Each structure stands twice: as C-alpha cells, then as structure tokens.
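Down below is the structure, laid out as structure tokens.
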Protein chains: 2
Amino acid sequence: MTGGNKNDKVNMKTLAKELNLSTATISKALRDSYDISPETKLRVMEAARRLNYVPNAYASSLRKQSSNTIAIIIPEIADSFFSQAINGIESIVAPKKYHALIYLSHDSYEREASMFNDLASGRVDGLIMSVASSTQDTGHIKTLQETGIPIVFFDRVCEDITADKIVTDDYNSAYNAATHLLQAGCKNISLVTISGYPSILTAREQGYRNALTENGFVVKDAGIVTCSNKYTDENVNIIKAHLTTVKPDGIIATVEQLATATYLACDELKLQIPRDVKVVCFTNQITAAILNPSLTTILQPAYDMGKQAAEILFGRLSGRLNEAKQELIMPSQLIARASTAR
Amino acid sequence: MTGGNKNDKVNMKTLAKELNLSTATISKALRDSYDISPETKLRVMEAARRLNYVPNAYASSLRKQSSNTIAIIIPEIADSFFSQAINGIESIVAPKKYHALIYLSHDSYEREASMFNDLASGRVDGLIMSVASSTQDTGHIKTLQETGIPIVFFDRVCEDITADKIVTDDYNSAYNAATHLLQAGCKNISLVTISGYPSILTAREQGYRNALTENGFVVKDAGIVTCSNKYTDENVNIIKAHLTTVKPDGIIATVEQLATATYLACDELKLQIPRDVKVVCFTNQITAAILNPSLTTILQPAYDMGKQAAEILFGRLSGRLNEAKQELIMPSQLIARASTAR
DNA sequence: ATGAAAGCGCTAACAG
DNA sequence: CTGTTAGCGCTTTCAT
C-alpha cells in the first residue's frame with residue numbers, strides 16, 4: 001500500500017495518553033457530556049483535531065447496539081422515480097449524520113429475501129423499502145419487523161403488513177388517466193403493465209377498469225398487456241404484438257420503463273402518436289417534455305415521498321412517533337402533453 | 001416496538017451453550033475452517049439455522065479491522081450515467097457479499113470533503129469515486145489515500161492523484177462530435193458545458209477546440225457557454241441567452257442534464273432542431289431515441305465502467321493486483337440520430 | 001469532574 | 001480437533 005502507515009492510528013486511547021486522561025473522559029468530552037469541565041472539553045477537542053482523530057463507527061455501533069445507519073431497498077436504481085426518491089431520503093438522512101445502505105432487489109424475490117438476513121444482524125436501525133414486483137410471500141419482511149426494526153414502505157407497499165406507508169393515489173391517477181384518454185376521444189384503451197404483485201399495479205388496474213366501466217365500456221382481459229419486469233427491450237415486441245392484434249387507440253403504461261418500449265413499438269409499426277394511438281405513462285423522467293411527441297405523464301412526487309418516508313422513519317427511531325402506523329397518500333399529477341392531444 | 005423481543009438475541013455464545021462447545025469452535029465451524037470435524041460443522045450449521053443465528057457484522061468488522069464494505073461517491077444519483085455505473089459496480093460487489101455505501105456529493109466540494117472523515121474511520125475497505133465538479137483542492141482525497149485505502153476513480157478523475165482510473169476517451173469523443181457536426185454542415189458550433197474542474201470537461205473542450213481549429217475555424221471564447229452544475233432549470237435561460245446572441249448552428253452539450261435544457265431553450269426560442277441548430281449531447285438517457293427530434297448522443301459504457309472499477313478495486317483489496325496503478329480508457333460511442341441530420 | 005472496569009460479539013493466537 | 005484467552009475501540013455504570 002502506498003505509504004499506508006497503519007501504526008499512527010489514533011483512537012481514544014491515543015488521546016487519553018496524550019492528555020493524561022482516561023478514555024472514559026475522552027468519550028464523554030467528545031460527546032459534549034454535561035459532567036466534563038469546559039476546559040477539558042476544549043483540550044480534548046483540540047487534541048482530537050490536531051491528531052486527526054476519527055471515531056470508529058463499528059466499535060461504537062457494537063457497543064451501543066445501534067448503528068446510525070438505515071437501509072433502503074428498491075427494485076432498481078436506474079429509474080427516475082427511485083433515484084429521485086433516494087435524493088429525498090438522503091436530504092433527511094445526511095444532515096442527521098446517518099448513513100444509508102442501498103440494496104437493489106432488481107425486482108427479484110430471491111435477492112430481496114436474501115438481503116433481509118443482513119438486516120437482522122443489527123446492521124441497520126431501520127428500513128425504507130419499495131417491494132420487488134415478484135414478491136408474493138412477505139414472510140421475510142414480517143420476520144424482520146418482529147425483531148423490532150421499524151420499516152417504512154413507499155410506493156410499492158405490502159398490503160398484508162401493518163407498517164407506515166407512503167403511496168400515491170394510484171387508483172385515482174389511473175382513473176384520471178383513463179378519463180383523460182376518453183375525453184381525448186379514445187374508444188379502445190389498453191393498459192400496459194408489468195408482471196408481479198405490487199399493490200400499486202392492482203390499484204392502477206382497478207382505476208383503469210372502473211373508469212372504463214363507468215363510462216359504458218366493457219373491459220376485456222385482452223386489453224391488458226403484461227410485460228416483463230426486467231428492464232429489457234423484449235417488451236417492445238410484446239407491445240407490438242398487442243398493438244397489432246388488439247389495435248388500441250389509447251394506452252396507459254403503468255411504469256416508467258414502459259414509456260420507451262411503447263414509443264419504440266409504435267414507431268416500428270409506423271403508428272403515429274397521438275393520431276393513431278394516444279399514450280399516457282406513469283413516469284418521472286425529466287425528458288418527458290421533450291419526447292417525440294411530448295409525453296403525457298402521471299408524475300409522482302418522488303422526492304417528497306422519499307423525504308416523508310425518512311421523516312416518519314426517524315420519528316419511529318427517536319420514539320417521537322409512536323401512534324398507530326400511518327398510511328400517507330400523496331397526490332400524483334397528470335401533466336397533459338402532446339401524446340394525448342386530440 | 002411491536003413485539004420486539006430483544007432478549008432472544010442469538011449470538012455465538014448462545015450457539016456455544018446450546019451445543020456445549022466454545023465460541024471459538026462455533027466461529028471456525030461457521031467459517032468452514034479446516035480444523036473442525038465435519039460432524040461438528042454440521043451440528044453448528046444446523047443449530048445456527050434452527051435458532052436463526054445472524055452474525056453481527058460490526059463485531060466482526062471491529063475485530064478483523066476490515067468491513068467488507070466499499071464506498072461509492074458520486075455527484076448525483078438521478079443521472080443515467082451514474083445510476084447505470086452503480087448497477088455495474090453492484091454486479092461485482094453483491095456476489096462477493098460486500099456492501100456498498102453510496103455517498104452523494106451533489107457536486108459540492110464541501111459535502112465531498114466532509115464525507116472523507118467518515119471513510120478514514122475504517123468504515124470502508126475501499127472507495128470508488130467520481131469527483132464533484134466543484135472540487136479543485138484534492139487534499140482530502142490524498143489524505144485518505146495515505147491511510148492505505150485503495151481508491152479507484154471513474155469518469156471524473158483527479159489528474160493530480162496517482163490511482164486507478166477508468167475513463168472514456170473524452171477528447172476523441174468531443175473531437176468526433178464536432179467533426180460530425182461539421183460534416184452535417186455546421187459553421188458555428190458552440191460548446192455547452194458546466195462550471196467546475198473535472199478533467200473530463202477539459203478533455204471534451206480540447207477535443208472540441210482542436211476539431212474546429214484543424215478544420216480551419218477559429219474558436220472564440222464566446223462559443224463556450226458555462227452552465228450551472230446544479231440540476232436546475234436556470235440553465236435554460238443561460239442557453240437561451242447564448243442562442244440569441246451567438247446564434248450557433250450546432251451545439252455540443254457535455255453532460256447529461258444539459259440535453260433537456262438545450263431542447264427546452266430551442267423550443268422556447270422557436271428554433272427548430274436540426275434545421276436551425278443541430279445538437280449532440282454526452283448522455284446515457286435511454287429516452288434519447290424517442291426525443292423530439294431523436295437526439296444524437298455520445299453514449300458512455302457506464303455499466304461496464306462501473307464493473308471495471310469494482311473489479312480493479314477488488315484486485316487491490318485482495319492483493320491480487322499490485323502492479324502500478326492503471327488508467328483504463330473505454331470507448332464511447334457516437335450514435336447519430338435526427339438532431340444532427342442535414 | 002474524572003477514572004476504573006466491564007463488556008458489546010467476534011476472531012485469532014496459541015495450548016492442549 | 002477443540003478450548004482458553006486476549007482484545008478490536010468504544011460507551012456506560014459506578015466509584016471516587
């Protein structure tokens with residue numbers, strides 16, 4: 001190692017020796033405890049700075065049985081919704097000098113379940129998560145919860161678990177999206193969605209179904225296309241097949257990665273948006289406004305959802321918050337653009 | 001806490017008591033050490049599973065003085081290049097049962113520098129980073145490096161630090177982008193870039209300058225627009241002002257977040273791409289192909305860069321790799337689309 | 001106001 | 001093959 005002088009490691013013992021104090025005093029002085037004299041505190045702080053003392057987080061965690069670390073479990077990081085949510089979480093976590101350990105499930109139940117081993121070891125004090133779309137059995141989550149670690153769900157929540165949850169009004173958003181398409185003149189609206197069990201998909205599908213039914217349309221199963229939850233381009237073919245057979249004049253895409261797939265499918269089939277098919281998608285992509293044509297989106301308050309989730313988690317961690325678990329529903333926003341123009 | 005039965009915490013002592021063995025034996029058995037009898041190993045494994053034993057990572061880290069954790073420092077997470085790079089890093093880190101602690105500098109030198117305190121505490125075994133654009137003084141990085149922690153830079157590297165580096169061929173990419181615009185008929189090409197010191201910006205600017213000069217053009221400083229490195233929309237105005245005064249017929253945008261700003265600026269000024277202005281941008285956004293018009297991009301191999309960075313880091317950590325530091329240059333790809341059509 | 005001592009859970013010499 | 005022992009660096013009673 002280039003100049004790794006491991007021996008100059010300075011810990012509390014070093015400081016104690018330097019100042020002729022005990023490590024106990026050092027410890028208290030550094031934590032600004034009330035029963036240390038102001039002058040001693042100053043001497044300790046000064047020495048710490050001078051010798052470049054850095055506390056060992058693991059020793060502290062081991063001793064205190066708490067880690068000042070939280071976990072974030074999300075399906076995917078290369079997704080605007082989730083990355084914006086992380087920025088929101090981080091805006092709360094960082095100032096508190098907490099750390100965030102980010103786990104990516106890649107929408108796989110197996111990966112997700114295996115991560116929970118780690119979490120039970122006291123590695124983290126709390127968890128913020130969005131469930132993998134392939135997760136059906138939630139035993140791993142319940143087990144962790146029983147150890148007393150607080151969990152806050154956001155967006156993709158577990159219906160069968162009692163915990164704090166931050167979601168958007170998925171039912172209404174999809175209902176509004178469908179209504180918006182109907183008003184734009186669509187008569188045959190399809191739902192393009194992904195496989196899996198997240199509650200948000202059920203809610204979005206229900207909103208879609210009810211909007212159609214209430215407007216006198218019959219919802220056929222053929223009108224619902226299920227794509228892969230992988231971020232691959234096989235979905236383009238699935239959507240192309242659907243467009244060819246069912247010939248919808250309107251599409252609601254339920255998750256971000258389906259926006260590009262839908263556009264490409266239409267393009268390859270020489271279908272023009274919005275003339276031949278109108279499209280609306282649940283997405284937070286900043287480029288929606290400059291797409292060809294600009295895309296009507298349902299924009300979720302990702303940053304604020306993350307922020308809220310973190311705030312609630314810290315409320316639980318500090319004991320400040322100990323009422324019943326709450327479910328916070330934050331409004332999404334339908335932003336009409338050219339892809340749904342008449 | 002809901003059913004938090006803290007007292008059933010099972011550690012090695014519990015297992016030892018259960019099986020009438022010492023904790024040393026338990027420890028070795030669990031690590032599959034050669035000097036434990038197969039039957040004992042089986043008994044230990046079985047008991048561990050039965051009692052739901054989870055090792056305490058912090059105790060282990062404290063004792064071993066290594067944490068099986070690496071740090072990733074990047075400017076921003078809501079950026080396709082960086083999030084794809086993280087996926088690449090994670091593809092190497094996860095199978096090794098390592099953890100990745102992600103730190104976001106938000107392109108601020110102060111934030112970045114303050115993170116380095118944390119890292120010196122033995123919290124992480126190694127670091128993969130992309131430097132904040134506002135970082136000029138690299139003392140904090142050098143200090144950490146001197147403690148013997150291996151550092152691998154990717155994309156935004158530090159010129160004045162000897163370390164492993166993964167970059168793309170920024171000079172050539174910009175050179176090619178400029179040549180591409182010239183071939184498309186541009187006579188007045190501007191560079192839209194961000195403020196800050198990353199070497200990649202210098203390289204990209206140099207590629208731009210040389211391509212123009214070699215083709216008989218004079219590069220004026222007015223042809224280079226410097227935007228904010230914040231992910232805000234004030235940049236739209238900066239670019240609008242430039243378009244109005246300098247009236248370029250071609251634009252090279254050096255970083256992802258400037259693509260949307262450039263498009264919006266043109267749109268607001270009713271300038272048509274590619275008729276009035278041709279645009280090429282360094283970006284990994286998946287939506288580039290479906291923009292209006294589709295955007296000519298310089299696509300960096302983000303995922304592979306992350307993967308390589310992680311592989312080199314693990315090479316250093318394992319001691320397998322101990323030759324001189326290497327600088328790996330990975331090729332970017334210019335993907336011509338409608339925004340630069342003649 | 002300061003210090004002595006115990007111990008968080010684990011690992012690694014070393015003995016047997 | 002198994003156990004004893006010491007200690008990683010820190011925090012926290014409990015004395016003084």
Side-chain angles (χ1 to χ4, degrees), chain A residues 6-45 47-48 51-69 97 117-118 120-123 125 147, chain B residues 6-45 47-48 51-69 97 117-118 120-123 125 147:
Chain A
K6 305 263 184 189
N7 281 344
D8 61 359
K9 188 176 297 168
V10 25
N11 52 30
M12 287 191 174
K13 218 154 99 190
T14 324
L15 294 185
K17 214 163 284 171
E18 173 83 9
L19 299 175
N20 267 309
L21 291 171
S22 74
T23 60
T25 306
I26 304 289
S27 175
K28 288 178 199 154
L30 289 172
R31 330 200 100 252
D32 205 21
S33 158
Y34 280 112
D35 51 38
I36 298 293
S37 77
E39 17 179 356
T40 307
K41 278 185 194 169
L42 275 178
R43 285 177 62 219
V44 172
M45 301 292 194
L51 300 181
N52 238 303
Y53 167 73
V54 186
N56 183 308
Y58 295 139
S60 168
S61 295
L62 177 58
R63 176 60 230 245
K64 291 196 303 182
Q65 300 286 67
S66 87
S67 61
N68 277 36
T69 302
K97 302 289 175 201
N117 280 325
D118 243 59
S121 66
R123 194 190 273 279
D125 301 341
T147 69
Chain B
K6 305 266 184 187
N7 281 344
D8 60 359
K9 187 176 297 169
V10 27
N11 53 29
M12 288 192 173
K13 217 154 102 190
T14 325
L15 294 184
K17 214 164 283 173
E18 174 83 9
L19 299 175
N20 266 310
L21 290 170
S22 73
T23 60
T25 306
I26 303 289
S27 175
K28 289 179 198 153
L30 288 173
R31 331 199 99 250
D32 205 21
S33 158
Y34 282 112
D35 51 39
I36 298 294
S37 77
E39 17 179 356
T40 307
K41 277 185 197 170
L42 277 178
R43 286 178 59 219
V44 173
M45 302 290 195
L51 300 182
N52 238 303
Y53 168 72
V54 185
N56 182 308
Y58 294 139
S60 170
S61 294
L62 177 59
R63 176 62 232 240
K64 291 195 303 181
Q65 299 287 62
S66 88
S67 61
N68 279 34
T69 302
K97 303 288 175 201
N117 279 326
D118 242 58
S121 66
R123 193 189 274 277
D125 301 341
T147 69

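Naming: A, B, ... by sequence-line order, numbering from 1 per chain. Owing to the predicted nature of the structure, the values given are computational and were not obtained by experimental measurement. Atoms considered below: every heavy atom in the structure, side chains included; atoms not considered: hydrogens, waters and symmetry mates.
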I want to check something: taking the side chain as every heavy atom from C-beta on, are [X] and [Y] in contact at a cut-off of under 4.5 Å?
X: B/R123; Y: B/T69; value: no
X: B/L15; Y: B/L51; value: yes
X: B/M45; Y: B/L30; value: yes
X: A/L62; Y: B/N56; value: yes

Interatomic distance where [atom1] belongs to [X] and [atom2] belongs to [N] [whole Å]:
X: A/E39; N: C/dA1; atom1: CD; atom2: P; result: 10 Å
X: A/N56; N: C/dC8; atom1: CG; atom2: P; result: 18 Å
X: B/L15; N: C/dT11; atom1: CG; atom2: P; result: 12 Å
X: A/M12; N: D/dG7; atom1: CE; atom2: P; result: 20 Å
X: A/Y58; N: C/dT11; atom1: OH; atom2: P; result: 15 Å
X: A/R123; N: C/dC10; atom1: CZ; atom2: P; result: 13 Å
X: A/L30; N: D/dC10; atom1: CG; atom2: C1'; result: 11 Å
X: B/D32; N: C/dT11; atom1: CG; atom2: P; result: 14 Å

Using a distance-only criterion (donor-acceptor N/O pair, under 3.5 Å, no hydrogens), is the base of D/dG9 paired with the side chain of A/K9?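 Flag unset: no donor-acceptor pair detected.
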Given [options], the nucleotide with the shortest approach to the side chain of [X]:
X: B/R63; options: C/dC10, D/dG3, D/dG9; answer: C/dC10
X: B/S37; options: C/dC8, D/dC10, D/dT2; answer: D/dT2
X: B/Q65; options: C/dT11, D/dC8, C/dG9; answer: D/dC8
X: A/S60; options: D/dC10, D/dC8, C/dT11; answer: D/dC10
X: A/N11; options: D/dT4, D/dC10, C/dC10; answer: D/dC10
X: A/K28; options: C/dG3, D/dT2, C/dA12; answer: C/dG3
X: B/P55; options: D/dC10, D/dT4, C/dC10; answer: C/dC10
X: A/A24; options: C/dG3, C/dG9, C/dT11; answer: C/dG3

Walk me through whether A/I26 and A/Y53 qualify under side chain to side chain contact (heavy atoms under 4.5 Å, CB included). CA-CA 11 Å; A/I26 304 289; A/Y53 167 73; over 6 Å; no
Calculate, to the nearest 0.5 Å, the distance between atoms CD1 and CZ belonging to B/I36 and B/R43 respectively.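 Here the interatomic distance stands at 11.5 Å.
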How many angstroms lie between atom OG of A/S121 and atom CG of B/N11, to the nearest 0.5 angstrom?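 The OG atom of A/S121 sits 12.5 Å away from the CG atom of B/N11.
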Does a side chain donor of either B/D125 or B/S67 reach within less than 3.5 Å of an acceptor in the other side chain?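 There is such a pair (donor and acceptor under 3.5 Å, judged by atom type) between the side chains of B/D125 and B/S67.
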Find the bend of the helix from C/dA1-D/dT16 to C/dG16-D/dC1 as the angle between its two terminal axes (five pairs each), to the nearest 10°.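 About 40° separates the two local helix axes.
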Touch check for B/D35, heavy atoms < 4.0 angstrom, all strands: base, sugar-phosphate only, or nothing?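 The answer is base, as B/D35 lies within the cut-off (heavy atoms under 4.0 Å) of a base atom.
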Remember a base hit wins even if backbone is also touched, and classify A/T40 as base, sugar-phosphate or nothing at under 4.0 Å, heavy atoms.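 Answer is sugar-phosphate: A/T40 comes under 4.0 Å of backbone atoms only.
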Can you work out whether B/P38 or B/L62 has the more 5'-proximal nearest nucleotide on DNA chain D?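 Its nucleotide being nearer the 5' end, the pick is B/P38.
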Looking at B/S22, does any N or O in its side chain come under 4.0 Å of the phosphate oxygens OP1/OP2 on D/dT2?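 Negative; the distance criterion is not met.
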Answer yes or no: does a side-chain N or O of B/Y34 lie under 4.0 Å from OP1 or OP2 of D/dT2?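 Checking D/dT2 against B/Y34, no side-chain N or O comes under 4.0 Å of OP1 or OP2.
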